[in-house]
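Here the structure comes first, spelled out in structure tokens, and everything after it is commentary.
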Amino acid sequence: MGILEVKDVGKRFGGLQALGDVNLSVNERTCHAIIGPNGAGKSTLLNCFVGKLIPDTGSVMFDGQSVLGRTPYEINQLGISRVFQTPEIFGDLTVMENMMIPCFAKRDGAFRLQGIRSVAGEKELRDQAEAMLDEVNMLDKRDMHAASMSRGDKRRLEMAMCLVQNPKLLLLDEPTAGMARADTNNTIDLLKEIKETRDITIAIIEHDMHVVFSLADRITVLAQGTPLVEDTPDNIKGHPKVREAYLGEAH
Amino acid sequence: MLGLNKSDTRLLLIVVALVAAAPIILNPFPEGSGLAQFNAGYPDLMQRFVIFGIFAIGFNILFGLTGYLSFGHAAFLGAGSYAGMWMMKLLSINVIPAIIFSTLIAGVISVLIGFISLRRSGIYFSILTLAFAQMAFSLAASVLTPITGGETGLQTNLNDPRIFPEFLGGGSSIDGNIPKPSLFGIEMTASYQLPIGGWEWTFNWGYYICGVVMILAFYMAIRIFRSPFGLMLKAVKSNQQRMNYTGLNARPYMLACFVISGMYAGLAGGLMAAMDPQVGAERMQWTASGEVVLMTILGGVGTLIGPVLGAGLIKYFENIFSKINSNLLHEWFAFLPDGLEDFLVTIIYPFIGKGWHLTLGLMFMAVIIFLPGGLVEGGKRISRAIRRPKEATAADGKTNPAE
Ligand SMILES: Nc1ncnc2c1ncn2[C@@H]1O[C@H](COP(=O)(O)OP(=O)(O)OP(=O)(O)O)[C@@H](O)[C@H]1O
Ligand SMILES: [Mg+2]
């Protein structure tokens with residue numbers, strides 16, 4: 001049994017069958033990549049995992065519990081954190097404040113009224129947040145306004161915000177899109193290290209094949225809402241159907 | 001100090017100093033001089049400055065931190081006043097039970113209104129709060145007449161029960177007068193007059209009690225702004241989606257914020273009743289809700305001191321500009337040739353007296369267009385302009401996290 005079990009998931013948008021009978025099993029402490037052409041339904045599938053969408057059919061089990069019908073914050077509290085395709089950060093706040101919010105959510109749960117204590121006095125959480133910022137090489141940007149940063153930096157910040165929560169399952173939707181080559185390589189190194197040192201499972205959507213083949217233990221190829229094949233990276237590379245449906249189209 | 005960092009402590013101390021010295025600062029012109037009518041250092045007005053300051057500080061905790069714009073805060077202000085009046089009628093003329101009860105009642109009502117209004121955000125939230133406040137207003141003016149006194153309103157009377165007339169030195173009515181609201185026997189209207197040279201300063205008990213409450217309210221607001229709770233409220237404003245996917249439930253945070261903000265309004269309403277023991281339904285009218293929005297925006301949304309400045313400015317205009325009449329204008333411009341004098345008076349006349357709203361409107365427009373951050377931003381720009389020549393090289397490229 002995988003930590004994430006997706007059974008017969010289907011989702012329609014009006015006349016469009018965005019997902020049709022997706023079955024997927026992600027094993028604990030592996031990195032599972034989902035690839036496929038634009039509009040294949042990759043992001044839609046992730047949306048079904050985090051409570052953003054409720055699939056029309058099928059079930060999604062995480063760690064033995066169904067996530068369907070749970071709100072996004074409940075699902076996060078179960079241990080799933082997600083990086084979005086377009087960065088979702090707290091743009092009005094500083095980088096450090098962005099980091100503190102997930103720290104509080106992890107320590108104090110979905111709601112806890114603390115109107116008198118000061119954020120500045122939360123030494124332990126601040127240390128955690130700073131250590132994480134250091135890991136993504138952003139410590140020097142700690143007092144910057146998040147909205148004023150480059151797209152690549154926003155992505156790195158969002159990833160740091162997810163990682164600082166120490167999630168059981170990390171969902172990444174094109175985490176390196178818009179990043180400079182060097183930052184992409186740093187991200188690969190970071191994720192490799194995280195995978196080795198932490199008890200974490202990663203599901204990643206990525207168009208950059210260098211990233212996919214550096215990280216993935218298994219790959220699912222999605223086309224028009226249905227999985228074409230699921231296999232190891234080596235087998236996927238040589239798979240004729242994949243070349244035709246995906247790698248061919250992506251040149 | 002007191003759990004605040006250096007700059008917050010400094011801000012708090014400045015506010016304390018201003019509140020303490022207001023009777024002097026606000027009376028800069030000698031008695032009897034032509035400019036004496038611009039003096040604002042009389043008890044009535046100073047009480048209003050700080051009471052509306054409390055109202056605006058509380059409003060800003062909601063609007064400034066979360067971006068949720070309530071158009072119904074007058075309902076809490078009015079409810080607080082009614083609650084305070086009843087305490088002074090039934091329990092004791094001492095103001096302490098009155099302001100405590102007014103805060104609590106406003107809290108209870110804001111739980112109800114907040115619970116429903118917060119199901120929506122943006123303009124729909126604003127409309128819901130407005131609708132609730134208008135309902136409260138018409139209920140107070142009609143159906144609830146036994147509680148609110150309807151159109152005539154509520155006053156303290158000689159034959160009010162006041163079951164603990166002597167409670168904490170609560171006033172007595174031995175000499176057949178209606179007892180005045182008091183604190184441990186000291187009446188709110190009691191003042192100490194200090195004439196020095198041409199000046200006359202009035203140190204009023206009621207004002208200083210309101211002032212101390214405002215300082216406490218301001219201090220609480222600073223703590224909230226700097227707390228994890230305050231951070232969550234900023235998160236609501238910035239990106240609710242990210243907040244949800246980060247494992248946080250925005251609803252209870254919003255409700256808590258709404259209730260705290262409503263309690264500030266109730267406290268302000270209670271103090272109003274304590275300073276001037278009468279209240280009518282018009283205190284709940286939408287114009288009163290709109291006024292606190294103006295105060296907050298004028299002073300600087302989301303800043304700590306802005307709402308207090310905005311409240312002071314608007315109350316000053318309301319009371320001082322509205323007192324200028326055409327005779328006065330003629331007096332001022334008497335040195336000009338007659339034709340020019342009449343011309344100037346004709347032009348300025350619509351902006352004074354009853355027309356002070358026009359002046360306020362123009363001022364508001366100017367601030368929105370040229371200083372979207374309000375008076376606080378104006379102050380920052382000025383201090384930057386003064387400092388620039390000195391540290392032109394050093395300051396560049398530094399980012400200042402918002403106050
Ligand atoms: N909320 C929605 N309402 C209607 N249609 C949607 C919605 N979300 C996605 N779609 C459609 O579903 C299809 C799958 O979209 P999805 O975003 O999952 O693709 P994707 O594989 O992530 O593509 P990309 O690589 O471009 O990100 C697309 O045709 C898209 O237009
Ligand atoms: Mg996508």
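As the structure is a computational prediction, the values presented were derived from the model and not from experiment. Lettering of chains follows the sequences in order, A, B, ..., and the numbering in each one begins at 1.
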Full working for side chain to side chain contact (heavy atoms under 4.5 Å, CB included) between B:Leu231 and A:Leu93: CA-CA 9 Å; B:Leu231 184 60; A:Leu93 307 183; 4.3 Å; yes
Under a 4.5 Å heavy-atom cut-off, does chain B meet the side chain of [X], its backbone, both or neither?
{"X": "A:Leu125", "result": "neither"}
{"X": "A:Glu74", "result": "neither"}
{"X": "A:Val83", "result": "backbone"}

Taking the side chain as C-beta and beyond, is there a heavy-atom pair between [X] and [Y] under 4.5 Å?
{"X": "B:Pro228", "Y": "A:Glu122", "value": "yes"}
{"X": "B:Asn239", "Y": "A:Glu88", "value": "yes"}
{"X": "A:Arg117", "Y": "B:Phe229", "value": "no"}
{"X": "A:Met161", "Y": "B:Arg242", "value": "yes"}

Taking all heavy atoms of [X] and all of [Y], pick out the closest pair and write down the distance.
{"X": "B:Tyr245", "Y": "A:Lys52", "value": "OH-CB, 2.9 Å"}
{"X": "B:Gly247", "Y": "A:Gln77", "value": "O-NE2, 2.7 Å"}
{"X": "A:Gln165", "Y": "B:Thr246", "value": "NE2-O, 3.0 Å"}

Heavy-atom pairs under 4.5 Å with chain A, option from B:Lys234, B:Arg251, B:Gln241, B:Met232 with the top count: B:Gln241
Verdict with reasoning, B:Asn244 to A:Tyr73, per side-chain hydrogen bond (donor to acceptor under 3.5 Å, both in side chains): CA-CA 5 Å; B:Asn244 280 328; A:Tyr73 70 83; over 6 Å; no
Those residues of residues 98-111 of chain A, ordered by number, that approach chain B below 4.5 Å (heavy atom to heavy atom): A:Met100, A:Ile101, A:Pro102, A:Phe104, A:Ala105, A:Gly109, A:Ala110, A:Phe111
Separation between CG of B:Asp8 and OG of A:Ser118, rounded to the nearest 0.5 Å: 9.5 Å
Are more than 12 heavy atoms, taken from residues, nucleotides or ligands other than [X], located less than 6.0 Å from that residue's [atom1] atom?
{"X": "B:Tyr124", "atom1": "OH", "answer": "no"}
{"X": "B:Arg120", "atom1": "CZ", "answer": "no"}
{"X": "B:Arg10", "atom1": "CZ", "answer": "no"}

B:Tyr253 side chain vs A:Leu113 backbone, donor-acceptor pair below 3.5 Å: no
Side-chain donor or acceptor of B:Ser227 paired with backbone N/O of A:Ile116 under 3.5 Å: no
